[in-house]
K.L.:
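Got a structure here, written out as structure tokens. Questions coming.
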Amino acid sequence: MTTQPDAVADPASPADADGLPTPLTHLRMLEAESIHIIREVVAEFTNPVMLFSIGKDSCVMLHLARKAFSPGKPPFPLLQVDTGWNFQSMYTFRDEYIVNELGLECLVYINEDGRDRGVSPFTHGSKTFTEVMNLGALRQALDKYKFDAAFGGGRRDEEKARAKERVYSFRDANHQWDPKNQRPELWNLYNGLVHKGEQIRAFPLSNWTELDIWQYIHLENIKLVPIYYASERPVVEFEGNLIAVDDDRVPAELAAKATTEWVRFRTLGDYPLSGATPSRAATTPEIIQEMLAATRSEREGRTIDKDPGASMEEKKRQGYY
Amino acid sequence: MSAPGENITDIHEYLAQHERKSMLRFLTCGSVDDGKSTLIGRLLYDSKMVYEDQLAAVQVDSKRFGTTGGTFDPALLTDGLKAEREQGITIDVAYRYFSTTKRKFIIADTPGHEQYTRNMATGASNCDLAVILIDARHGVLTQTRRHSFIVSLLGIQHLVVAVNKMDLADYSEKRYEEIRAEYLAFASKLNLPDLEFVPVAALSGENVVHRSEHMPWYTGPTLMHVLENTPIASDRNLIDFRFPVQYVVRPDLNFRGFAGTIASGTVRVGDELMVLPSRKTSRVKSIHTFDGDLDVAYAPMAPTITLEDEVDVSRGDMLVHPNNAPRVDQSFEAMLVWMNEDALAPGRGYLIKQGAQTVPAQVSEVRYKMDVNTLHREDAVGLELNEIGRVVVELARPVAFDPYPRNRLTGAFVVIDKLSHNTVGAGMILDRGPDAAAELRSRLHASRGSQARQHESLISAEQRAKRLEHKPAVVWLTGLTGSGKSPIAFALERRLFDEGVAVFALDGRNARLGLSADLTHSAADRAENLRRAAEAAKMMNQAGLVVVAAFLSPSADDRTAVKQIVGEDRFVEIYCDCPAETAKQNAVEQGSNMAAFSDLAAPYEAPSAADLVLKTDEDSVEQSVDAVYRLLKERGVVG
Ligand SMILES: Nc1nc2c(ncn2[C@@H]2O[C@H](COP(=O)(O)OP(=O)(O)O)[C@@H](O)[C@H]2O)c(=O)[nH]1
């Protein structure tokens with residue numbers, strides 16, 4: 001076996017010295033694979049939707065969808081399952097960038113019952129809050145619009161238990177994930193046949209890692225919500241996390257203890273549940289550098305995973321993923 | 001090798017380097033306890049892809065569950081699935097990720113033992129390379145053979161045999177060489193183009209990422225070195241352009257593009273392209289991407305192609321270069337891996353997904369099944385879960401494909417159950433289709449056999465000939481689609497009728513619409529179509545009629561078979577000779593549906609000893625009819 005490494009290049013410079021096209025880089029391979037998956041779902045399902053959490057994985061997934069249908073727009077709406085407790089800058093990003101600037105349709109679904117009952121992470125605890133606001137809401141939203149396929153930004157490297165996850169994950173009419181009845185996936189041939197009422201979750205980013213995502217954001221200059229980048233922000237300790245004092249719903253006795261720190265957020269969602277990381281990384285390369293230096297798995301900063309008994313499988317069976 | 005986790009002094013240089021990495025997908029296979037989990041854990045750990053919190057957990061777990069007496073057990077890094085296995089959750093493949101400065105790696109890890117064939121095939125389908133583990137103490141086992149066979153069946157080009165637990169074999173060179181020789185002897189029977197051997201000790205990490213101090217006799221590369229440097233660029237097929245159309249992008253009236261992933265080959269602006277199966281052609285107007293138009297695109301890019309002309313193209317069609325087309329057929333032979341508890345039932349309706357289309361299909365025959373352990377062939381009626389067999393597949397409409405060894409994407413398909421919608425099988429198309437002539441001969445045989453039991457008519461052939469004042473005969477017109485068989489056949493029928501002959505013209509296209517309306521264009525059905533035509537002609541002969549039959553009948557063997565059914569003395573073979581180009585043009589003008597299939601069968605074999613050759617591109621229909629009429633007179637068919 002020769003030990004010549006492959007010369008790889010971007011499609012921008014598609015030929016090597018011999019005039020042969022050079023192989024795609026890993027990011028371009030991942031990109032092509034994701035585009036293939038997104039197109040396949042849209043071609044085979046009647047009413048797809050893209051779950052859009054406004055986080056970085058969602059933004060990468062949306063970027064890929066825009067590539068897949070260029071020069072047209074993605075032929076499906078986005079769906080944000082809102083709780084009313086996201087960071088303010090996420091709402092701004094959604095309204096000003098996604099809707100106004102990109103001109104995309106973004107449906108927002110909120111569990112009104114939960115909101116009307118005043119379910120709050122500060123008073124009900126993160127577990128109850130998440131269960132009511134998130135788990136129920138996604139199902140209700142999918143039922144309301146009769147979506148038969150929903151794109152999700154999940155990756156297999158996120159959690160040990162996700163390593164075996166298929167690209168197409170099947171759900172019965174009750175949104176149940178039957179672990180014993182998932183289909184083998186070979187080559188790039190995805191089986192999209194469902195019975196009436198059944199649906200799939202499709203994960204175009206399955207083979208991307210945290211590092212790939214950040215490198216791609218850098219390479220493609222993908223716009224993200226600013227709180228991914230470090231800045232001085234008022235923060236306070238809540239349920240073992242350092243959380244942002246993002247609006248005036250933070251209980252006064254907590255808000256009074258707030259201090260101003262250099263922080264950034266590694267995963268976004270509801271601000272009372274998102275742990276801040278002390279950081280000075282204000283650009284994508286700085287974030288990557290920081291990430292490489294301190295390799296800690298990403299979900300650690302998400303309060304929801306720390307709840308006892310709430311394993312990934314459990315949540316998936318309930319329709320979270 | 002430098003990996004994430006090291007101190008990075010210049011992040012921009014790091015990013016520039018990492019943005020130019022290639023990607024390698026590989027599969028790890030081994031029997032239980034050969035050390036697969038340990039090896040994968042080692043690769044992740046030594047390439048520093050393990051997160052701090054995971055490592056902390058593993059260190060705790062090493063004390064609690066480890067098999068290593070409390071020291072670090074790399075296997076625990078990947079064993080998140082053990083509990084799920086116990087709960088009976090289906091895990092066919094678990095994917096792991098790590099990267100170095102040179103490459104990003106995707107490991108397909110296939111647990112499970114009973115389901116091994118199915119899982120391995122699934123994991124292997126996308127891999128460039130496979131690592132087969134052998135326990136140095138046990139050597140080549142039955143499972144090793146099975147794994148190697150599946151690796152070669154799924155077309156993986158690079159195989160590394162890792163001889164593990166060398167520490168338990170005293171790091172013995174002799175033992176390693178024994179295993180190597182034993183493996184090579186067996187592997188010579190398989191198609192494994194690139195084979196490497198590495199002696200390792202996964203638990204201590206020797207020769208995995210770091211060189212072993214205990215095996216100075218081994219001068220070859222470490223496993224990581226092989227993974228990082230195996231050249232996969234040359235595995236790409238940049239010649240045969242295949243573009244299965246996945247989606248038609250049509251944002252407004254000004255843009256109509258065909259989106260898909262290039263399965264193989266290269267395409268340039270201005271190239272002439274042919275749409276399959278319609279065979280319409282046009283030129284590439286642009287190769288559109290979100291990041292701007294390209295002059296050239298190649299596999300596995302996923303661009304959107306626009307064409308100069310308004311040709312009909314939809315999802316499931318394939319764009320190719322006209323001078324380099326794949327096969328287009330309604331049937332093929334394939335190696336099929338069965339993946340479901342419900343056994344494969346030949347003759348039952350399934351769906352087949354291949355390229356970007358899903359087509360109703362059936363497996364008409366299981367030729368044999370493979371014993372994956374011995375590689376022997378066995379007779380089989382169906383296929384059970386985890387069995388592999390060679391089958392004949394018949395489809396409801398023609399599809400474009402290549403043999404799997406030539407093209408892993410256009411040669412692969414999955415079988416889907418119509419009721420449960422489960423994926424129940426995975427197939428790899430073989431190089432050749434069923435032999436149409438062999439089919440026909442076997443059917444002909446059946447036709448002849450039945451003659452013995454026939455009742456005799458009370459009217460003899462001579463009595464009929466006397467009444468009609470001519471003899472029966474079959475005038476068989478053969479030639480390319482568009483060579484003018486049908487116009488001549490009908491003109492000849494008119495002429496004979498006017499001369500007082502009891503005559504009937506049996507036309508290939510008409511037969512397809514009635515007599516053979518239930519048949520497809522698969523090889524077996526083409527044979528059946530001819531058999532029916534021959535039997536019908538024979539029956540009309542028995543009634544005393546002269547039959548003028550116009551059939552493409554491309555193969556010389558097929559025509560011989562027809563002649564035998566009809567009877568040699570009554571068969572008159574007329575060859576409508578016409579240049580292929582002219583014939584094709586005529587066929588397109590006449591809108592012949594056969595135009596789409598004209599080269600799907602075996603190429604047209606011109607008769608070597610026809611009773612008459614008509615130059616149909618030069619002579620008029622009247623001239624041709626005259627020539628045939630003269631021949632029939634000479635033969636004494638007509639007075
Ligand atoms: N001595 C020694 N033991 C090993 C080596 N590799 C794996 N093992 C041990 O072999 C056993 C099976 O390994 P494991 O990785 O769980 O095997 P798997 O079933 O193939 O995943 C464990 O007890 C490992 O610690 C090695 O190189 N040397």
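Chain letters run A, B, ... following the sequence lines, proteins first, then strands; residues in each count from 1.
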K.L.:
Should we count CD1 of B:Ile239 as having more than 12 external heavy atoms under 6.0 Å?
P.N.:
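Incorrect, the count does not exceed 12.
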K.L.:
With respect to chain B, which residue among A:Arg66, A:Lys67, A:Glu185, A:Met29 yields the maximal number of heavy-atom pairs within a distance under 4.5 Å?
P.N.:
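Counting heavy-atom pairs under 4.5 Å, the top option is A:Lys67.
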K.L.:
Do A:Arg156 and B:Tyr95 meet the cation-pi criteria used here (NZ or CZ under 6.0 Å from the six-membered ring centre, within 45° of the axis)?
P.N.:
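Judged by the rule (NZ or CZ under 6.0 Å from the ring centre, within 45° of its axis), A:Arg156 counts as positioned above B:Tyr95.
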K.L.:
Spell out, as yes or no, whether a donor-acceptor pair under 3.5 Å connects the side chain of A:Ser70 to the backbone of A:Gly72.
P.N.:
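Absent.
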K.L.:
Salt bridge or not for A:Glu44 and A:Arg39, using N-O below 4.0 Å?
P.N.:
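No, this pair does not count.
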K.L.:
Taking the six-membered ring of A:Phe203 as reference, does the cationic atom of A:Arg162 (NZ for Lys, CZ for Arg) lie under 6.0 Å from its centre and within 45° of its axis?
P.N.:
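Ring-cation test returns yes.
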K.L.:
Which residue out of B:Ala108, B:Gly355, B:Ser420 racks up the most heavy-atom pairs below 4.5 Å with chain A?
P.N.:
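Max contact count across the listed options: B:Ser420.
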K.L.:
Based on non-hydrogen pairs under 4.5 Å, which of B:Val249, B:Thr122, B:Leu24, B:Thr261 is most in contact with chain A?
P.N.:
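Sorted descending by pairs with chain A, the first entry is B:Thr122.
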K.L.:
Would you find a donor on one side and an acceptor on the other, under 3.5 Å apart, between the side chain of A:Arg155 and the backbone of A:Asp57?
P.N.:
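Pair absent, no side-chain N/O of A:Arg155 close to backbone of A:Asp57.
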K.L.:
Against chain A, work out which of B:Ala121, B:Gly260, B:Gly292, B:Gly257 has the most heavy-atom pairs shorter than 4.5 Å and name it.
P.N.:
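Heavy-atom pair counts peak at B:Gly260.
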K.L.:
Less than 4.5 Å to any heavy atom of chain B: does that hold for the side chain of A:Glu198, its backbone, both, or neither?
P.N.:
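Contact with chain B involves no heavy atom of A:Glu198 at all.
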K.L.:
Non-hydrogen atoms of chain B under 4.5 Å away: do they reach the side chain of A:Glu40, the backbone, both or neither?
P.N.:
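Backbone plus side chain of A:Glu40, per the 4.5 Å heavy-atom cut-off to chain B.
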K.L.:
Among A:Lys73, A:His26, A:Glu220, which residue has the highest count of heavy-atom pairs closer than 4.5 Å to chain B?
P.N.:
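Top count of heavy-atom pairs under 4.5 Å with chain B: A:His26.
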K.L.:
Contact part of A:Trp214 toward chain B, heavy-atom cut-off under 4.5 Å: side chain, backbone, both or neither?
P.N.:
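For A:Trp214, neither part sits under 4.5 Å from chain B.
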